[in-house]
Amino acid sequence: MARRYWLMKSEPSVFSFEDLARAPRRTTHWDGVRNYQARNLLRDEVRRGDGVLFYHSSADPTGVVGTAVVAREAYPDPSQFDPASPHHDPKSKREAPTWLCVDLRCDRAFRHAVTLAQLRAAPALAGMGVLRKGNRLSVQPVTQAEWRAVLRLGGLEEAD
DNA sequence: GCCAACGTTGGC
DNA sequence: GCCAACGTTGGC
């Protein structure tokens with residue numbers, strides 16, 4: 001099956017694309033998802049090798065800053081069992097974990113970040129979930145056409 | 001800091 | 001099952 005494409009959000013003050021680039025083997029777990037719809041996407045749809053647009057939310061400016069690759073498919077998010085974590089979920093049981101995470105490997109930084117305003121201005125991206133008002137999903141599907149258009153805006157002309 | 005949008009919780 | 005209250009997200 002052809003690989004699929006996703007947009008994943010992170011607040012850079014918590015975890016940024018630069019943090020991902022500096023991680024050992026440029027890979028780390030993308031955790032803290034506490035929304036059932038997003039969890040179900042991670043569980044049912046996100047596959048190793050899928051492409052990820054890494055989006056900085058609550059940033060200045062907000063926007064897509066680079067690409068990552070899904071390095072490991074969904075597995076129990078360790079932070080749900082960690083009382084010291086802000087994502088701790090005391091109701092989740094180890095034998096039946098509620099929350100999942102995936103591993104992301106940093107792929108390519110954009111030559112220039114693609115801001116939310118630029119995404120909105122691109123006709124090819126009119127249907128993107130991240131542009132919808134009130135949208136809060138931290139994992140969202142992206143079409144191949146959208147993927148290509150965003151990479152082009154980011155200055156990655158030769159991208160897949 | 002404000003506030004709209006949305007998800008979750010809990011009383012009934 | 002309804003729905004008000006509350007908490008969170010996230011752009012501005």
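Chain letters run A, B, ... following the sequence lines, proteins first and then strands; every chain starts at 1. Everything numeric here is computed off the predicted structure, so don't read it as measured data.
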Query raised in the report: Out of B:dT8, B:dA4, B:dG7, which nucleotide sits closest to the side chain of A:Y36?
Result: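 When the side chain of A:Y36 is considered, B:dT8 is the closest of B:dT8, B:dA4, B:dG7.
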Report task. Determine: side-chain N/O of A:K91 to OP1/OP2 of B:dT9, distance under 4.0 Å, yes or no. Result ->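 It does, given that an N or O in the side chain of A:K91 lies less than 4.0 Å from OP1 or OP2 of B:dT9.
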Query raised in the report: Is the shortest side-chain N/O distance from A:Y55 to OP1 or OP2 of C:dT9 below 4.0 Å?
Result: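 Negative; the distance criterion is not met.
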**Report entry** Side-chain donor-acceptor contact under 3.5 Å, A:E11 with A:S57
**Finding:** no
Query raised in the report: Knowing that exactly one of A:R39, A:R34, A:H87 qualifies, which makes a side chain to side chain donor-acceptor pair (under 3.5 Å) with A:D77?
Result: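 Testing each of A:R39, A:R34, A:H87 against A:D77, the sole residue satisfying side chain to side chain donor-acceptor pair (under 3.5 Å) is A:R34.
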Once you round it to whole Å, what is the distance between [atom2] of [N] and [atom1] of [X]?
| X | N | atom1 | atom2 | value |
| --- | --- | --- | --- | --- |
| A:K9 | B:dC6 | NZ | C1' | 11 Å |
| A:Q140 | C:dT9 | CD | P | 15 Å |
| A:N35 | C:dG7 | CG | C1' | 14 Å |
| A:K133 | B:dC3 | NZ | P | 14 Å |
| A:R120 | C:dG10 | CZ | P | 13 Å |
| A:L131 | B:dA5 | CG | P | 16 Å |
| A:E11 | C:dT8 | CD | C1' | 10 Å |
| A:W99 | B:dG7 | CH2 | P | 13 Å |

Query - Interface with DNA chain C, restricted to residues 58-67 of chain A and to heavy atoms under 4.0 Å - result: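 DNA chain C contact set from residues 58-67 of chain A: A:S58, A:T62.
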Requested in this report: Consider only side-chain heavy atoms of I, L, V, M, F, W and Y, link residues closer than 4.5 Å, and tell whether A:F81 and A:W30 are in one cluster.
Outcome: no
Given 3.5 Å as the limit, does a donor-acceptor pair link the side chain of [X] with the main chain of [Y], or not?
| X | Y | answer |
| --- | --- | --- |
| A:Q144 | A:Y5 | no |
| A:D82 | A:S79 | no |
| A:S92 | A:P90 | no |

Report task. Kindly indicate whether the side chain of A:Q140, heavy atoms from C-beta on, has any atom under 4.5 Å from the side chain of A:K9. Result ->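 Of all side-chain heavy-atom pairs linking A:K9 with A:Q140, at least one is under 4.5 Å.
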Query raised in the report: Does the C:dT8 base have a donor-acceptor partner in the side chain of A:R136 within less than 3.5 Å?
Result: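 In this structure, the two groups form a donor-acceptor pair.
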